[in-house]
2 protein chains.
Amino acid sequence: MGRWEPNARGRLGRAAMELYVERGFDQTTVADIAERAGLTKRTFFRHYADKRDVLFVGTALLTEVVARAVTEAPADLSPVAATTRALEAAAGIVQERPEDVRMRQAVIDAHVELQERELVKLAALATDLAAALQARGVDVWTARLLAETGLAAFRVAFARWIADNAEGPLTRLVTDSMEELAAAVAKP
Amino acid sequence: MGRWEPNARGRLGRAAMELYVERGFDQTTVADIAERAGLTKRTFFRHYADKRDVLFVGTALLTEVVARAVTEAPADLSPVAATTRALEAAAGIVQERPEDVRMRQAVIDAHVELQERELVKLAALATDLAAALQARGVDVWTARLLAETGLAAFRVAFARWIADNAEGPLTRLVTDSMEELAAAVAKP
DNA sequence: ACATCCGATGACACCGGATGTCATCACTAG
DNA sequence: CTAGTGATGACATCCGGTGTCATCGGATGT
């Protein structure tokens with residue numbers, strides 16, 4: 001593979017995370033990351049789109065899982081039930097490594113630029129979710145509405161999970177969040 | 001005030017918008033903007049946090065309007081009704097200048113960096129909305145849930161309004177969006 | 001075993017966004 | 001008339017991000 005040590009991408013990713021935690025995201029230059037990984041700045045950008053990208057490589061998996069959960073859900077499931085199921089599947093992935101997730105989120109919460117990227121990734125996830133719902137025959141705008149609001153509920157559940165020090169399963173909080181949403185917006 | 005022509009900030013903002021529309025956001029350098037405004041690059045950054053900021057100075061008004069709508073709503077209004085009212089108030093502001101809004105949105109939709117900033121601004125709006133709801137006595141997490149999902153519904157209504165070429169009032173679409181949400185997540 | 005090719009990396013230059021610093025000018029208060 | 005204040009210009013600098021070409025090592029084919 002590479003010319004020197006193997007797994008350049010992995011080394012770069014690890015070095016970046018270490019430095020982000022050690023001294024903070026914007027106290028870390030790309031040159032620092034490359035140096036710790038024993039590579040050059042140019043090589044970093046061959047593996048990651050930008051400095052923030054390191055923290056968001058995992059989201060591709062979420063997209064997969066969400067889309068599959070919707071398409072594999074029983075056909076007689078209501079749109080909102082299918083949405084809930086997809087979000088629970090995503091929650092299942094997220095809660096697998098609580099410590100890593102919390103550390104990563106601490107870094108993100110401390111920097112607006114990282115929140116920007118996270119919101120874009122979640123918006124893309126919502127778009128994919130909406131497309132999957134549409135494929136089930138849900139109306140375009142209903143699908144987008146369910147996807148966007150569902151993901152909003154997920155975000156709140158996630159924030160609560162982080163605030164609760166990740167006690168209890170995130171899946172449970174997601175389910176509760178969707179139920180509370182139904183209760184909160186219900187006609188009196 | 002200034003040393004030369006007055007209203008440096010306004011001239012910079014106008015020059016920036018013109019150039020973003022004329023040749024695109026990332027084909028425009030800050031030096032270009034400053035030159036067209038008859039000022040220097042350094043002065044641009046004294047008036048705007050960054051190149052994107054020009055497009056988002058108006059959102060402060062939205063925050064005000066949303067917060068006021070919630071605090072001034074009758075005390076017996078349900079949380080979701082207060083939320084809907086706030087979002088309708090925001091829609092009222094947005095739909096006042098359809099052409100400007102559409103042009104601005106076209107620029108934003110063409111550049112991920114701008115979508116990033118927009119999502120952050122909307123997230124901040126959600127936070128303020130949640131705080132206003134909390135001030136009405138709504139539980140913290142219920143407030144956040146309503147604010148985030150309400151704003152998600154607003155985004156979908158806005159996207160639909162843009163897609164519909166801004167025919168019909170945005171306020172109507174927002175109201176419908178909230179009703180459709182209630183219908184979509186209701187227990188069968 | 002040898003030559004060849006190809007992908008990954010290094011080296012270097014460069015652009016542009018963003019910031020710090022200091023001088024300078026206009027306006028205002030007294 | 002002078003001192004002070006705030007906005008601006010001029011200059012230097014850092015760093016993120018990109019283009020370009022050389023170079024190295026492993027894989028491949030004969």
Side-chain angles (χ1 to χ4, degrees), chain A residues 1-57 107-108 110-118 120-121, chain B residues 1-57 107-108 110-118 120-121:
Chain A
M1 283 271 200
R3 171 149 45 157
W4 303 102
E5 306 300 317
N7 194 21
R9 181 187 179 86
R11 277 153 55 213
L12 285 164
R14 179 186 311 273
M17 273 304 300
E18 287 174 6
L19 288 166
Y20 294 167
V21 171
E22 279 177 26
R23 60 171 88 155
F25 178 77
D26 41 31
Q27 266 61 51
T28 303
T29 72
V30 176
D32 293 335
I33 300 170
E35 188 187 9
R36 177 167 299 203
L39 296 164
T40 64
K41 193 179 78 166
R42 196 67 188 82
T43 301
F44 177 87
F45 287 107
R46 288 197 182 94
H47 289 278
Y48 296 97
D50 53 55
K51 223 174 81 174
R52 296 174 289 175
D53 198 33
V54 179
L55 289 154
F56 297 95
V57 287
V107 175
I108 292 175
H111 301 279
V112 183
E113 345 160 44
L114 295 174
Q115 294 159 33
E116 289 183 340
R117 177 60 56 89
E118 179 168 57
V120 163
K121 291 285 186 182
Chain B
M1 280 275 199
R3 169 148 48 154
W4 304 103
E5 307 299 319
N7 194 22
R9 182 187 179 85
R11 278 154 53 214
L12 284 165
R14 177 185 313 273
M17 272 304 298
E18 288 172 5
L19 288 167
Y20 293 168
V21 171
E22 280 177 26
R23 60 172 89 156
F25 178 77
D26 41 31
Q27 267 60 51
T28 304
T29 72
V30 175
D32 294 335
I33 299 170
E35 187 188 10
R36 177 168 297 203
L39 295 165
T40 64
K41 195 178 74 164
R42 194 65 186 85
T43 301
F44 176 87
F45 287 107
R46 287 198 181 92
H47 288 279
Y48 295 96
D50 54 55
K51 225 174 77 171
R52 296 174 288 176
D53 198 32
V54 179
L55 289 154
F56 298 95
V57 287
V107 175
I108 292 175
H111 301 279
V112 182
E113 345 161 44
L114 295 173
Q115 295 159 32
E116 289 183 340
R117 178 61 56 89
E118 181 168 56
V120 163
K121 290 285 186 182

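Chain naming here is simple, since letters A, B, ... match the order of the sequence lines and numbering starts at 1 in each.
In terms of position along DNA chain C, the nucleotide closest to A:Arg42 lies nearer the 5' end than the nucleotide closest to the other residue of the pair B:Phe45 and A:Arg42.
Proximity of A:His47 to the phosphate of C:dA8: no side-chain N or O atom is located under 4.0 Å from OP1 or OP2. For B:Thr43 and D:dG9, the shortest distance from a side-chain N or O to OP1 or OP2 is below 4.0 Å.
Side-chain to base pairing of A:Arg46 with C:dG10: one donor and one acceptor N or O lie within less than 3.5 Å of each other. Not a single donor-acceptor pair, N or O on each side, falls under 3.5 Å between the base of D:dG17 and the side chain of A:Lys51.
By the 4.5 Å heavy-atom criterion applied to side chains, B:Phe56 and B:Ile108 are counted as neighbours.
Rounded to a whole Å, the CZ atom of B:Phe44 is 13 Å from the C1' atom of C:dG16.
With hydrogens and angles ignored, the 3.5 Å screen pairs a side-chain donor or acceptor of A:Lys51 with a backbone N or O of A:Thr28.
Residues satisfying the side-chain hydrogen bond (donor to acceptor under 3.5 Å, both in side chains) criterion with A:Glu116, sequence neighbours excluded, are B:Arg52, B:Arg117.
Of the residues in residues 25-36 of chain B, B:Thr28, B:Thr29, B:Val30 come within less than 4.0 Å of DNA chain C through at least one heavy atom, sorted by number.
Within 6.0 Å of CD in A:Glu35 there are 12 or fewer heavy atoms belonging to other residues, nucleotides or ligands. Counting non-hydrogen atoms of neighbouring residues, nucleotides and ligands closer than 6.0 angstrom, the CZ atom of B:Arg14 reaches no more than 12 such neighbours.
Pairing for D:dT30 is with C:dA1, a Watson-Crick or G-U wobble pair whose two hydrogen-bonding atom distances lie under 3.5 Å.
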Intermediate values then yes/no, side-chain contact (heavy atoms from CB on, under 4.5 Å), A:Tyr48 and A:Val30: CA-CA 11 Å; A:Tyr48 296 97; A:Val30 176; over 6 Å; no
